[in-house]
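Reading through the structure tokens given below for one structure.
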Amino acid sequence: MKTVSPLRIGFVGSGFIAKFHAKSFQSVRHAQITGVYSPTGTHRDALVQAVNDAELGPCRAHTDLESLLAADDVDAIWLLAPNDRRLEVMQAIHAAVKSGRSKVRAIACEKPLGRTLAEAREVLRLAEDAGLAHGYLENQVFASAVERGKEIIWRRAVPASGRPYLARAAEEHSGPHEPWFWQGARQGGGVMSDMMCHSVEVGRFLLTKPDAARSSLTVKSVQGSVGYLKWTQAKYAKSLAKDFQGVAMQAHPVEDFARATITLEDETGQELIVEASTSWSYVGPGLRIDLALLGPEYAMEFSSLNPSLKVFLSRAITGGQGEDLVEKQNAEQGQMPIVEDEAGTYGYIGENRHMVDCFRHGRTPIETFEDGVEVTKIVMALYKSAETGQVVRLPDETLETYVPVPARDGPAGVGG
């Protein structure tokens, strides 16, 4: 039996999401994190130390991207840099691989693939021109509850009563961790860009027949709306400006609420719908993900804030703020849900296990950059719908050059 070597991975980025990925790799076999590049030295060195402490390496820090790409112990790149740097990084990877300076053969990229459809298409083109295997890191598709729920519905319910026709997806929390998320030109918009990509793709995934391509569903139309509910109020805009340098929500607002209705057709012409909402203006115990799948005689439901484990802490118990119970934790007292294994519950373990397996064995992941392009197209159509107040019917050629309003309105000097 042929022995396949472990996949040696280099991280580009060392922020919040990179830490989540590193944590998930403690449950992924046949992979090593061998290098980290980030321009932020303190974050980079801390992540390298954490990787080595967890015995996921050996891992070393790289002070420039070229060094990471040229390393002889890096087979694949996990692109985890901020949104406004992803195309730039992809261009560097393309140039290094095409010139022979890099032996990298695969790349996985965090959502979203691009801030605009044109940017996402170029990321895909560069990956394919360089001959790279590619995977789109959409963690909710790989959440254990999503995978298990879909399997049961399609195996037990669908043969008896017919395919599911409605998927609902909602994700909300109290706001991002880093300033660039709040800057439209850097991030690509607001919560529609940041989180609707999750809801769009998990909805499409649940409605797609097992083992069928996502392209078996055709998007016919979308209707979107956005809201500026909390963070543009003077009190909260001032608080953001204090916490995050360069964030000016009243001068350069981005939406903190978004809603979407996406109408699709399957191969037979049957109408299907994804209903989704996302928010940065939710104040509860922490990050909340609510999912549902409905069909003629059945329903599946999941909520991340209904875990099997909860604790109660009285007012006599005090302590500093943290996120030790749940991501985006908003309280330290009272009855608190605990997500025992966030990396697994949210899908990071599953997606990284899948990507590593596919890259090692030469298989195509179930989420590729092509899916990332399609999700970006849907999000751009939703922004256009919100801007015009009209239903957007696809195909729509104007989306190829469309830039959302909040991305056009970013403060000078931060655009990409």
Side-chain angles (χ1 to χ4, degrees), residues 7 9-13 17-18 20-21 24-25 28 31 76-83 85-87 89-91 93-94 104-143 146-147 150 169 171 187-188 192-208 211-217 219 262 274 276 346-380:
L7 188 73
I9 298 168
F11 277 14
V12 176
I17 198 65
F20 238 124
H21 278 283
S24 77
F25 271 97
V28 178
I77 295 294
W78 257 234
L79 208 176
L80 313 173
N83 298 5
R85 295 206 55 231
R86 291 187 186 161
L87 178 56
V89 171
M90 195 65 235
Q91 290 168 335
I93 295 170
H94 174 269
V104 166
R105 54 185 172 83
I107 180 167
C109 182
E110 252 301 329
K111 62 81 192 171
L113 196 62
R115 294 171 295 174
T116 63
L117 180 55
E119 195 168 272
R121 286 201 191 281
E122 180 63 5
V123 170
L124 170 61
R125 187 195 71 80
L126 290 167
E128 293 191 329
D129 187 63
L132 297 171
H134 48 84
Y136 178 56
L137 294 171
E138 174 41 67
N139 57 284
Q140 287 190 21
V141 165
F142 297 92
V146 170
E147 291 185 323
K150 176 177 177 176
E171 183 181 15
Q187 197 257 105
M192 180 84 85
S193 172
D194 179 43
M195 291 168 62
M196 188 60 76
C197 47
H198 284 310
S199 300
V200 164
E201 192 62 349
V202 75
R204 287 205 310 155
F205 174 73
L206 287 169
L207 288 170
T208 302
D211 300 324
R214 211 81 69 249
S215 58
S216 63
L217 304 184
V219 180
I262 303 161
V274 174
Y346 301 151
Y348 292 98
I349 291 173
E351 75 173 351
N352 284 322
R353 185 178 290 148
H354 177 75
M355 295 299 170
V356 167
D357 182 64
C358 287
F359 292 162
R360 289 180 68 239
H361 294 283
R363 294 192 281 266
T364 301
I366 65 168
E367 291 284 332
T368 70
F369 283 9
E370 291 179 353
D371 297 296
V373 168
E374 185 67 15
V375 170
T376 304
K377 180 169 66 177
I378 295 170
V379 170
M380 291 302 106

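- The closest side-chain donor-acceptor pair between Gln187 and Ser193 falls under 3.5 angstrom.
- To the nearest 0.5 angstrom, Glu128 atom CD is 4.5 Å from His134 atom NE2.
- Contact annotation: the side chain of Pro112 never approaches that of Val375 to less than 4.5 Å [non-hydrogen atoms, C-beta and beyond].
- Using a distance-only test at 3.5 Å, with no hydrogens or angles considered, a donor-acceptor pair links the side chain of Arg86 to the main chain of Glu110.
- Although no hydrogens or angles enter the test, the distance criterion places no donor-acceptor pair under 3.5 Å between the side chain of Asn352 and the main chain of Phe25.
- Test Glu374, Glu370, Glu138, Glu201 against Arg214 for salt bridge (charged side-chain N to carboxylate O under 4.0 Å, His left out) and you get one pass: Glu201.
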Please evaluate residues Leu126 and Ile93 with respect to the criterion side-chain contact (heavy atoms from CB on, under 4.5 Å), reporting the C-alpha separation (whole Å), side-chain torsions for both, the decisive distance (0.1 Å), and the verdict. CA-CA 9 Å; Leu126 290 167; Ile93 295 170; over 6 Å; no
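- Checking side-chain atoms of Thr368 against main-chain N and O of Pro365 turns up no donor-acceptor pair under 3.5 Å.
- No donor-acceptor pair under 3.5 Å is formed between the side chain of Glu367 and the backbone N or O of Tyr136.
- Taken from CZ in Phe369 to CZ in Arg125, the straight-line distance is 13.5 Å, to the nearest 0.5 Å.
- Residues Leu117 and Met380 share a closest heavy-atom pair of N-CG, 3.9 Å.
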Residues Val356, Ile9; criterion side-chain contact (heavy atoms from CB on, under 4.5 Å); working and verdict: CA-CA 9 Å; Val356 167; Ile9 298 168; 4.1 Å; yes
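- The backbone N or O of Phe359 lies less than 3.5 Å from a partner atom in the side chain of Arg105, making a donor-acceptor pair.
- Here the closest non-hydrogen pair linking Ala120 and Thr376 is CB-OG1, 3.8 Å.
- Interatomic distance, His94 NE2 to Leu87 CG, rounded to the nearest 0.5 Å: 11.5 Å.
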What's the verdict on side-chain contact (heavy atoms from CB on, under 4.5 Å) for Val274 and Val200, showing C-alpha distance, side-chain angles and the deciding distance? CA-CA 7 Å; Val274 174; Val200 164; 6.0 Å; no
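- Atom CG of Leu132 and atom CD1 of Ile77 lie 9.5 Å apart (nearest 0.5 Å).
- At least one donor-acceptor pair closer than 3.5 Å links the side chain of Lys150 to the backbone N or O of Thr208.
- No donor-acceptor distance shorter than 3.5 angstrom exists from the side chain of His354 to the backbone of Phe142, with no hydrogens or angles considered.
- Scanning all heavy atoms of the two residues, the minimum distance from Ile349 to Val28 falls at O-CG2, 4.0 Å.
- The line from OG of Ser199 to CD1 of Ile262 is 8.5 Å long, rounded to the nearest 0.5 Å.
- For the pair Leu80 and Leu137, the minimum side-chain heavy-atom distance is below 4.5 Å.
- Here the closest non-hydrogen pair linking Leu7 and Arg360 is CB-CG, 3.8 Å.
- Atom NZ of Lys111 and atom NE2 of His198 lie 4.0 Å apart (nearest 0.5 Å).
- Between Tyr348 and Phe20, the ring planes are parallel. Angles under 30° get that label, and only those over 60° would be called perpendicular.
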Test side-chain contact (heavy atoms from CB on, under 4.5 Å) applied to Arg204 and Ile378, step by step: CA-CA 11 Å; Arg204 287 205 310 155; Ile378 295 170; 4.1 Å; yes
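- The closest side-chain heavy-atom distance from Val146 to Val141 is not below 4.5 Å.
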